[in-house]
Amino acid sequence: MVVANWKMHGSTEFAAEIISTIASALSAINLNSAVVLCPPYVYLHEIKRAIGGSVLELGAQDVDYRAQGAVTGGIAADMLRDVGCDYVIIGHSERRQLFAESDALVAQKFVAVAAAGLMPIVCVGETKEERDAGQTLQVVARQVRSVLDVIDVDLGSQGFILAYEPIWAIGTGEVATPEQAQEVHAHLRGIVPEGTRILYGGSVKANNAAALIQQQDIDGFLVGGASLKAEEFVNIIVNIGVEG
Ligand code: PGA
């Protein structure tokens, strides 16, 4: 599975161009990955129309945990479903850092996304300081447990996608080595329910994707910067293997 996180980039013109390039490139190969685009909210509706019957799927980058109400600027999970999203990223480190989002808030968002029938993509990851202090596994486990706790209490068998994104690797060009990523993924594998897909994110590019995907517990990627370049993004998908 490959998820494109456009972050706060793009325009209607950019979206139209990149989608037609990606969709036509992917239609020429025998795809064995799910490919999800997560553009800024304002483009979701138009992009849903543009991806039409292609293999591409749609996700949002965030959500408000409330169902509706007096929340100026808020976007609810039902609205995301209404415009055709199937996935919602929650707990991205940029939200945690720029907007001080806590584990508890991420858990509330998780409940809202699940209640709307959408698939949460839960992001976890450690800072450079936490890694240097040897706290990586504890930090990511704490972040994951905050959503596992609400699943246990409220949600029964709700599935989700987990994304391990070391903060020091996001947008820096400094990718985790396959061994560093695998160590954390294996640890997370031991915590999450069987069958949970665990993506890696942080400076994924076409030239490092193949080595990362060979790791036993890496099931795909959450891609930021490289998802804004059609050819690079398609090459990530190609390099992690297509059938036929
Ligand atoms: P990056 O971002 O690929 O630009 O490092 C990944 C992410 O933040 O999801």
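Hydrogens, waters and symmetry mates play no part in the numbers below; they use all other heavy atoms, side chains included. Counting from 1, the numbers follow the sequence of the chain as shown. Here the structure is a predicted model, which means the values were calculated and not measured.
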Problem - Asp62: which of Lys7, Arg95, Arg96 passes salt bridge (charged side-chain N to carboxylate O under 4.0 Å, His left out) - result: Arg95
Problem - Closest non-hydrogen atom pair, Gln158 against Ile151 - result: O-CD1, 3.8 Å
Exercise for the section: Taking atom types as modelled, find out whether Gln182 and Asp217 have a side-chain donor-acceptor pair closer than 3.5 angstrom. Expected result: yes
Exercise for the section: State yes or no: do Val144 and Ile170 share one hydrophobic cluster built from I, L, V, M, F, W and Y residues joined by side-chain heavy-atom distances below 4.5 Å, directly or via other members? Expected result: no
Completion exercise
Heavy atoms of Pro39 and Trp6 approach each other most closely as CB-CE3, 3.6 Å
Problem - side chain to side chain donor-acceptor pair (under 3.5 Å) between Trp168 and Glu126, worked out - result: CA-CA 8 Å; Trp168 47 270; Glu126 82 287 4; 2.8 Å; yes
Practice task
Kindly give the heavy-atom pair with the smallest separation between Leu222 and Val204, and that separation in Å.
Solution key: O-CG2, 4.5 Å
Handout entry: Where Ala60 and Tyr41 come nearest, the two heavy atoms and their spacing
Key = CB-CE2, 4.1 Å
Practice task
Taking all heavy atoms of Ile240 and all of Ala209, pick out the closest pair and write down the distance.
Solution key: CG2-CB, 3.8 Å
Exercise for the section: Determine the sole option in Val36, Ile19, Ile47 for which the side-chain contact (heavy atoms from CB on, under 4.5 Å) test with Leu56 is passed. Expected result: Ile19
Problem - Exceeds 12 heavy-atom contacts within 6.0 angstrom, atom NE2 of His45 - result: no
Practice task
Report, as yes or no, whether the 6.0 Å neighbourhood of atom CD on Gln135 holds more than 12 heavy atoms from other residues, nucleotides or ligands.
Solution key: yes
Fill in the blank from the handout: Looking only at heavy atoms, the pair that brings Glu165 and Cys123 closest together is OE1-SG, 4.1 Å
Exercise for the section: Supply the atom-to-atom distance Ile161 CD1 to Met119 CE, rounded to the nearest 0.5 angstrom. Expected result: 5.0 Å
Problem - CG-CZ distance between Leu44 and Arg49, expressed to the nearest 0.5 angstrom - result: 14.0 Å
Practice task
Take the angle between the ring planes of His185 and Tyr200 and call it parallel below 30°, perpendicular above 60°, tilted in between.
Solution key: tilted
Problem - Val3-Tyr43 co-clustered via ILVMFWY side chain contacts under 4.5 Å - result: no
Problem - Crowding at CD, Gln216 (>12 non-hydrogen neighbours, <6.0 Å) - result: no
Handout entry: Note, Val106 side chain near Tyr65 side chain (heavy atom, < 4.5 Å)
Key = no
Handout entry: Joint hydrophobic cluster, Ile198 plus Ile218, side-chain heavy atoms closer than 4.5 Å
Key = yes
Problem - Side-chain (Thr196) to main-chain (Val192) donor-acceptor, under 3.5 angstrom - result: no
Practice task
Mark yes or no for whether Ser54, through its side chain, and Ala23, through its backbone, hold a donor-acceptor pair below 3.5 Å.
Solution key: no
